[in-house]
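Each ligand, and each atom within it, is numbered from 1 in the order the structure gives. Any value given below was found using the heavy atoms of this structure, including those in side chains, with hydrogens, waters and symmetry copies removed.
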Amino acid sequence: MGLKESVKSLKGIGEKKAAALERLGIFTVEDLLLFFPRNYEDRRNKASIREAVEGERTVIKGRIDTIMDDGYRRGGRQRLRLLISDGTGSLEVVFFNGKYLRRIFKRGDEYAFFGAVQSNFGKRQMVHPEFWKGDEEEEGILPVYPLTKGLSQREMRRWQKEAVSMASEAEEFLSEEIIRRNRLCGISYAIENIHFPGEKQRLLEARYRLIFDELLVMETGLEAVKKAGENKGKGIAFSRKADTEEYISSLAFPLTGAQRRCIEEISRDLEGEASMNRLLQGDVGSGKTAVAEAAIYKAVKSGFQAVMMAPTEILARQHFEGLKKAFEPFGMEVGFLSGSMKAAERRETLRGIKEGRIQVLTGTHAIIQPEVEFAALGLVITDEQHRFGVSQRIKLREKGENPNILVMTATPIPRTLAVVLYGDLDVSVIDELPAGRQKTVTRNLTPADRDKCYDFVKRQLEQGRQAYVVAPLIEESDSIEARSAQETAEELKKRFSGFNVALIHGAMKQSEKDEIMKSFYEGAADIMVATVVIEVGINVPNASVMVIENAERFGLAQLHQLRGRVGRGEYKSYCFLITEGSSQIALERGRIMESSGDGFFIAEEDMRLRGPGEIFGTRQHGLPDLRIADLARHMKILNRTAEEAGVIIQKDPQLSSDENRRLRERVVKLFGENISLDL
Ligand code: ADP
Ligand code: MG
């Protein structure tokens, strides 16, 4: 038996249990050991029935004297009462779902019960305690695992116990030096004590070690990616004569001061010998696209190709339309590439890119496929960068020889995290909205206000405006109480008989989505009912109302993104949040949305509401999910590991040495397909 073997090598795990464990990502014994408790239950507190302190969770051992099934039922449940004694007194144990327990307990059996003792009219009582046979070992500090259907806490503990007995086989993957320098405990000790700590101090040591491991693995992966992407040789300098003013004066609007400043910062980088590596951050609607276009203009005028990658097909198509409008008047050719193109069309586009005929390319991550070759790629832009995996921007960069890089995002990133993610980037910020942009009026509504809300929408439509209505689900669900886009669309078609109601959601075919988006852009559809597929980037300045159904189901950052779809033009815009129920947090979110339109403020509030204890969206930022570390809480350890990772990658950039073999395995496992170490 070994750590690499299937969990089925453990006692009591057959096909069925193995399948349930698989759903938790557990295949091998090692996976099981690396599946950490989410909490602990302190069962060290033991007492006799007489001494047990009321209200305190305590283990009490005793013998079952009487089993009482008094026929009491509530909601189909049957009450079961046991009378327990231990020589110091007697205790009543109550279960309300006692039907199956009836068969378990036998008079005279010794059991241990864990729960809080209460006093009920002078009787000592324990309601719904955990229990185990007196001779089974279920004491000390016990792990509590996140479970899935078909698994019980007790089974999980039993398997972990068996697995932990093999923990000494766990291979140490950190060098002695790192262990010593950071005062870490050994890996076997950490694994043993994260599951069954025995005492608090051991748990703390184990946690520290495992958090350190996880962050080190993440940092090492990020460092490797960064290193691989570091400029080898000279960058590409664009021509000073390629004047962005020519492009700017073709725009229908004057740029904001912030946009101009960002274009200048970017131009300076572009004209320099070193290649640019810059993050452009700006709230939704701040006009990042125009800044990107100025850079594209400069690239093409300097004789290079430029590419802009977007996270969704809808957004990529929209960029395609926009870029054509912007650059065709200058005689530049714009191309588009996505996963859902016809073969002939795709071949033609690939040829155009390779021959250099297509000067500006936009599309989805289809752009980073190996078949896509450029004649002279000079500028790489990723829009909504937070939607991409960490190494995707590097892959895109590899399409050229040290091309200039611009990444754009509207998601305000906490500073500390930005350092982790973009430590190698310079930052430009558009901190000003275009002039005349009016604050979107936001109102929190209850379902009772729905009629009034849609009457308002109707008046807007009558004035020639368009509206979005967002619902959390695609179709009706038996298990979730929330509105579906389909159902909402049907209802609105009846309500708005003179208008065109369109429906769009993620499960549709691409061609269908395109068709619908187009009809909305062109004004043929008046109302767009959607799921969150419209969350990022969509730009229809004529749309002036956003209605969000079941707003309580969306996070603050998401609500802000959604609201950003309106208020993008000259028209006064409105956002209505229809909130079901009275969840405190939903109400507070609504209040924040009503009072602020500032993405940075909202992001901070989002963090405050979710609390520092909750791991904040690593996935949102293209990072892998962490199991035990929390970027918000473990900044100090993060900094330590960043340093160590820097040293490791400096010495062994591809982690190819024997010493780093295990570390490399861990990195690959953590990042999955999002990282490739042989870049
Ligand atoms: P985002 O930063 O969210 O990507 P966009 O670049 O899509 O924003 O711009 C949002 C809208 O604002 C677009 O309709 C764009 O044409 C318009 N816009 C951009 N810059 C200005 C400006 N300086 N003045 C007026 N409108 C602008
Ligand atoms: Mg945008």
Side-chain angles (χ1 to χ4, degrees), residues 244-245 247-264 266 278-297 308-327 329 362-364 381-388 406-413 427-440 465-466 468 517 520-523 533-544 546 557-573 575 597-600 602-603:
T244 51
E245 277 307 322
Y247 169 73
I248 292 171
S249 58
S250 78
L251 286 170
F253 43 77
L255 290 182
T256 62
Q259 282 171 313
R260 280 190 169 275
R261 192 195 65 242
C262 290
I263 291 176
E264 273 164 33
I266 289 167
R278 193 169 277 277
L279 171 69
L280 178 62
Q281 202 168 40
D283 204 353
V284 284
S286 61
K288 292 184 289 295
T289 316
V291 174
E293 284 170 357
I296 292 173
Y297 180 85
M308 178 139 94
M309 182 163 76
T312 66
E313 176 117 10
I314 292 178
L315 188 51
R317 291 233 174 235
Q318 173 184 291
H319 278 320
F320 181 47
E321 297 305 320
L323 292 172
K324 275 198 293 192
K325 231 179 253 150
F327 295 119
T362 183
T364 59
I381 301 173
T382 44
D383 192 15
E384 309 290 349
Q385 165 65 28
H386 59 285
R387 288 298 192 92
F388 291 104
L406 181 67
V407 303
M408 308 201 287
T409 183
T411 305
I413 303 164
V427 182
S428 289
V429 182
I430 309 183
D431 50 6
E432 179 187 352
L433 290 181
R437 203 52 79 67
Q438 302 170 59
K439 195 171 163 230
T440 297
R465 300 290 78 72
Q466 287 163 285
Y468 295 100
M517 252 350 273
F520 194 64
Y521 280 131
E522 291 171 351
V533 294
I534 58 154
E535 185 191 340
V536 292
I538 297 302
N539 187 39
V540 179
N542 188 50
S544 65
M546 165 67 65
Q558 214 171 13
L559 291 174
H560 181 63
Q561 269 282 350
L562 286 169
R563 178 172 61 185
R565 298 311 107 216
V566 297
R568 300 174 78 85
E570 63 199 279
Y571 306 108
K572 177 127 197 92
S573 296
C575 175
D598 177 348
F600 284 80
I602 287 173

Check: Can you list the atoms of ligand 1 that are under 4.0 Å from a heavy atom of Val284?
Finding: 3 (O)

Acceptor/donor pairs from residues 430-439 side chains to any protein atom, 3.5 angstrom cut, sequence neighbours excluded:
| from | atom 1 | to | atom 2 | distance (Å) |
| --- | --- | --- | --- | --- |
| Glu432 | OE1 | Ala258 | N | 3.1 |
| Arg437 | NH1 | Gly285 | O | 2.8 |
| Gln438 | NE2 | Glu570 | O | 3.4 |

Note to self: Side chain or backbone, does Gly287 bring an N or O within less than 3.5 Å of an N or O on ligand 1?
What the structure shows: yes

Notebook entry, point to check: Among the heavy atoms of Arg437, does any lie under 4.0 Å from an atom of ligand 1?
Noted result: yes

Check: Which of the atoms in ligand 1, numbered in the order shown and given with their element, are less than 4.0 Å from a heavy-atom of Asn539?
Finding: 11 (C), 13 (C), 14 (O)

Check: Between atom CG of Asp383 and atom CG of Leu406, what is the distance when rounded to the nearest 0.5 Å?
Finding: 9.5 Å

Notebook entry, point to check: Nearest 0.5 Å, what's the CD1-CG distance between Ile263 and Leu255?
Noted result: 5.0 Å

Check: What atoms in ligand 1 come closer than 4.0 Å to a heavy atom of Thr256?
Finding: 23 (N)

Item checked: ligand 1 contact by Gly285, heavy-atom criterion under 4.0 angstrom -> yes

Notebook entry, point to check: Does Arg568 reach the main-chain N or O of Ala543 with its side chain, forming a donor-acceptor pair under 3.5 Å?
Noted result: no

Check: With atoms numbered from 1 as shown, which atoms in ligand 1 lie under 4.0 angstrom from a non-hydrogen atom of Thr289?
Finding: 4 (O), 5 (P), 6 (O), 7 (O)

Note to self: Quick test of your reading of the model: are Arg317 and Glu313 salt-bridged, counting only N-O distances below 4.0 Å?
What the structure shows: yes

Check: Counting each atom of ligand 1 from 1 as listed, which ones have a heavy atom of Pro541 under 4.0 Å away?
Finding: 14 (O)

Next item on the list: Could you check Lys324, Met308, Glu321 and say which one makes a side-chain contact (heavy atoms from CB on, under 4.5 Å) with Thr362?
Entry: Met308

Notebook entry, point to check: Does the pair Val407 and Arg278 meet the rule for a side-chain contact (heavy atoms from CB on, under 4.5 Å), with working shown?
Noted result: CA-CA 6 Å; Val407 303; Arg278 193 169 277 277; over 6 Å; no

Check: Relative to atom 25 (C) of ligand 1, which among Ala435, Gly257, Pro434, Pro254 owns the nearest non-hydrogen atom?
Finding: Pro434

Check: Looking at residues at least two apart in the chain, or sitting in another chain, which of them share a side-chain contact (heavy atoms from CB on, under 4.5 Å) with Ser573?
Finding: Thr440, Ser544, Val566

Next item on the list: Report, in ascending order of atom number, the atoms of ligand 1 lying under 4.0 Å from any heavy atom of Leu255.
Entry: 23 (N)

Notebook entry, point to check: With a 4.0 Å cut-off on heavy atoms, is Ala410 touching ligand 1?
Noted result: no

